[in-house]
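Okay, structure first, notes after.
As the structure is a prediction and not an experimental result, all values here were calculated from the model. Convention: sequence-line order gives letters A, B, ...; per-chain numbering from 1. Worth knowing before you read on, the calculation uses all heavy atoms, side chains too, and leaves out hydrogens, waters and symmetry mates.
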4 protein chains.
Amino acid sequence: MPYRSSDKTRQKKDSKRTSMMQAAVQVFAEKGYHAATVRDIVEIADVAVGTFYFYFPDKETLFTHLYDETADFLVQTLQQASVSRSLWPQQVQAIIQAYVNLAIFEPAIIQLLLIGGSGTPALATRRQRFRHQLTQLWQRPLTEALTNEQLPDQDSRLTAEAIVGAVDEVILKLLNLPEPELAADGTVLNLTRFVLRATGPFREKT
Amino acid sequence: MPYRSSDKTRQKKDSKRTSMMQAAVQVFAEKGYHAATVRDIVEIADVAVGTFYFYFPDKETLFTHLYDETADFLVQTLQQASVSRSLWPQQVQAIIQAYVNLAIFEPAIIQLLLIGGSGTPALATRRQRFRHQLTQLWQRPLTEALTNEQLPDQDSRLTAEAIVGAVDEVILKLLNLPEPELAADGTVLNLTRFVLRATGPFREKT
Amino acid sequence: MPYRSSDKTRQKKDSKRTSMMQAAVQVFAEKGYHAATVRDIVEIADVAVGTFYFYFPDKETLFTHLYDETADFLVQTLQQASVSRSLWPQQVQAIIQAYVNLAIFEPAIIQLLLIGGSGTPALATRRQRFRHQLTQLWQRPLTEALTNEQLPDQDSRLTAEAIVGAVDEVILKLLNLPEPELAADGTVLNLTRFVLRATGPFREKT
Amino acid sequence: MPYRSSDKTRQKKDSKRTSMMQAAVQVFAEKGYHAATVRDIVEIADVAVGTFYFYFPDKETLFTHLYDETADFLVQTLQQASVSRSLWPQQVQAIIQAYVNLAIFEPAIIQLLLIGGSGTPALATRRQRFRHQLTQLWQRPLTEALTNEQLPDQDSRLTAEAIVGAVDEVILKLLNLPEPELAADGTVLNLTRFVLRATGPFREKT
DNA sequence: CATGAATGAGGGTTCATTCAT
DNA sequence: AATGAATGAACCCTCATTCAT
């Protein structure tokens, strides 16, 4: 075996792949799909153009892959925060807390997901799916609370959509601050209050 | 429509300019800033490429100009709806009603404004300014109601931001429906309820 | 009408188009489809890259178009030479004469058609069609002579194919000479003799 | 097959080299010089890219080497068929028979040699040399027969060239058939007749 | 010997922009 | 004013070639 691939090589390979993906997230988040060039990405990752195409089939595939992966990760993370609580107020607080944490910790992720507009037809579908998942993330516990008559009657889908929009907007504004960490706790608190008001008074059942 | 020359006397003179702007709104809204080409625009407007550069210095300037104009128009329209009422609940309902009307009547306007943070650096600033204006649109009457102690104490800025996000998200979803008009009234009603719940019980003062 | 397009403009436009096509024939003939670059072509034609794409949709389309056009032209020319005579020996002589004339006058045309190999799947089909047309060009008068029993019995298709190959080979060799014109007449004479021998003794009928 | 190492002792050692050469012939014949990629070759040969450059200096060298080797092999084979007979008609039949056999048995060889004048400057020379050898292959016995006055007076070089072209064309057509073997015998027969007619009536001398 | 990750020049194509008419 | 032919920088991607392992 004149060429061992499971040693350092493997690590370097993965590191290169990873650094390109990170660079890609950064550039895509910053400039959007069209304005981001492959050259931008490889320059940041400090590799040659050809290397990009050694690891990824093309720009669009990488982008959609990145989008999907990131979206799934975000949804999973929030989902876990949600199911770890049983009462609506605690669920709201947990989801928002998780979301804000993520935004502070990995702002590029959030920016990537909110690029919107229209990079490519393929993205439009992806984006819709993502928004839908986010909506369902809120709608599920909301519907349960409604079923238990713990919340006043309302259109759960519209409420969920509105919450998704509200949370995104507030978090984006938060990220635009010079030092988002400082305002994070306050934002979580007030945003939670907003959502709880918006879904009406919660009455605990026995 | 903000991009229509309001001076009837030069209607003929500016007809090309106008048709190009209308075409531009349409194309930008549909494909985003980068994917939209000058050729797309002039083809729809049925003029030559050179004509574009007679009326506008370049693509980006037109875009930012269009964005500003459209944003101002939207804000003005909602502003008027807002000031025509004196009580918070009526104001909420009026703004949302006006917003939905506009979205149904001229969806391209809304889509143009929500294209997102990509595009160009110049747009980022513009977008922030627009979001800020929208926020203030809500924050002003909200603050007044708070001052009059008609609403429970809350962070008026965060509430306003959240409302902006909520309304946008719901209206975008509405526009994605095959026949938005049919759902318009219901959306106005439920969205208004959402916002009113989110700002807490309103107590009318004498 | 501020822009008249049927005047000098038209001429210049056509001249540019023409010069690019000539350059393309030259480059394609010289290097073959793949080795020929769009940049090669525009440099010879002394225009910018963009100009190429203003006149032609893409490299492949231009190539196939050029090939078709050239092939048709060649076949037409030879066809006319053929039908202008009624007797087989005169037909043979006329076709060969016309072919050699063309080769001397416009050598790039012949080279373009014989590029062969495989530029692109699309070309393979084209090339076959062209060879088929050439074959039929010979087979038609040959069959007629056979029907009139002016030539000895033979497989007219194979004979025609063989003649096509023979003529091409000899003419290509001729073109490789430093001064093809000098050898042209002799080649026509001897090639005609070859073909006449190859189809057997001709017996004129009354 | 010319590209097969004839030394059994180093069969193992050169197995990669051999399989790459076989793969190369196949790929070059199929796609032509430029469209064939080194990757295509090594994938078929099931070795790594680097291995290619251990055995061959570069793509072009391999190609020209392959071309030369193949051309020599073909010429040798036909030569042997030619010298094994003493009379012109038998020589013609033997050469054509050998050519057709080879074409049926190893079509890639023939296709490789007929790829054409594109490729690379270096190939042009090679190709000319090969055509020249083929021409001489026919011209030698032809001249001899002429010297013996067994054939009518003619330009032996032109006749030889024409025969070369004729034979190639017919054999290429044969290879394009779905099942070339079925038509092989008939083609040999008729092609032989064609050539014999084309060189004029053969008179056996004592 | 053999590997395959890495390179970067170069190819086809697009598109914002200019300018002679 | 208006036109559209012309430009060329820049984009995405391919592929021959190298070299550390």
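- Considering only heavy atoms from C-beta on, C:D72 stays 4.5 Å or farther from C:F130 through its side chain.
- Under the 4.5 Å side-chain criterion, counting only non-hydrogen atoms from C-beta, C:M21 is not in contact with C:Y55.
- Nucleic acid contact class of D:F54 (heavy atoms, under 4.0 Å, all strands): sugar-phosphate only.
- If you take NE2 of C:H34 and C1' of F:dA16, they are 15 Å apart, rounded to a whole angstrom.
- Judged purely by atom type and a 3.5 angstrom limit, A:T51 has no side-chain atom pairing as donor or acceptor with the backbone of A:V47.
- With hydrogens and angles ignored, the 3.5 Å screen pairs no side-chain donor or acceptor of D:Y67 with any backbone N or O of D:R126.
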Strand DNA chain E in bracket notation, Watson-Crick/G-U under 3.5 Å with | for pairs to another chain = .||||||||||||||||||||
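- For the pair C:K59 and C:Y33, the cation-pi test (distance below 6.0 Å, angle within 45°) is passed.
- Both A:V47 and C:G50 lie close to DNA chain E; mapped to their nearest nucleotides by heavy-atom distance, the more 5′-ward contact belongs to A:V47.
- When each of A:Y53 and C:V49 is assigned the nucleotide of DNA chain F bearing its nearest heavy atom, the one mapping closer to the 5' terminus is C:V49.
- A donor-acceptor pair under 3.5 Å links the side-chain atoms of D:T70 to the main chain of D:L66, judged by distance alone.
- Here F:dT18 presents its P atom at 18 Å from OH of D:Y55, a figure rounded to the nearest Å.
- Of the residues in residues 56-65 of chain B, those lying under 4.0 Å from DNA chain E by heavy-atom distance are B:D58, B:K59.
- Here side-chain hydrogen bond (donor to acceptor under 3.5 Å, both in side chains) pairs that include residues 36-46 of chain C, with residues two or more places apart or in two chains, are C:K31-C:D40, C:T37-C:D40.
- The CE atom of A:M20 sits 13 Å away from the P atom of E:dA5 (whole-angstrom rounding).
- Under the salt bridge (charged side-chain N to carboxylate O under 4.0 Å, His left out) criterion, C:R131 pairs with C:D168, D:E169, not counting sequence neighbours.
- Atom CD in B:E43 sits about 15 Å away from atom C1' in F:dT3, given to the nearest Å.
- Considering only side-chain N and O atoms, D:K16 lies nowhere under 4.0 angstrom from the phosphate OP1 or OP2 of E:dC1.
- Closest approach of A:V38 and A:F52 over heavy atoms only: CG1-CG, 3.8 Å.
- Of the possible polar contacts, none joining the C:T61 side chain to the C:P57 backbone as a donor-acceptor pair under 3.5 Å is found.
- For the pair B:F52 CZ and E:dT18 C1', the computed distance is 14 Å after rounding to whole Å.
- Residues from residues 35-42 of chain A that place a heavy atom under 4.0 Å from any atom of DNA chain F, listed by number: A:A36, A:T37, A:V38, A:R39.
- The salt bridge (charged side-chain N to carboxylate O under 4.0 Å, His left out) test applied to A:D58 returns no partner, not counting sequence neighbours.
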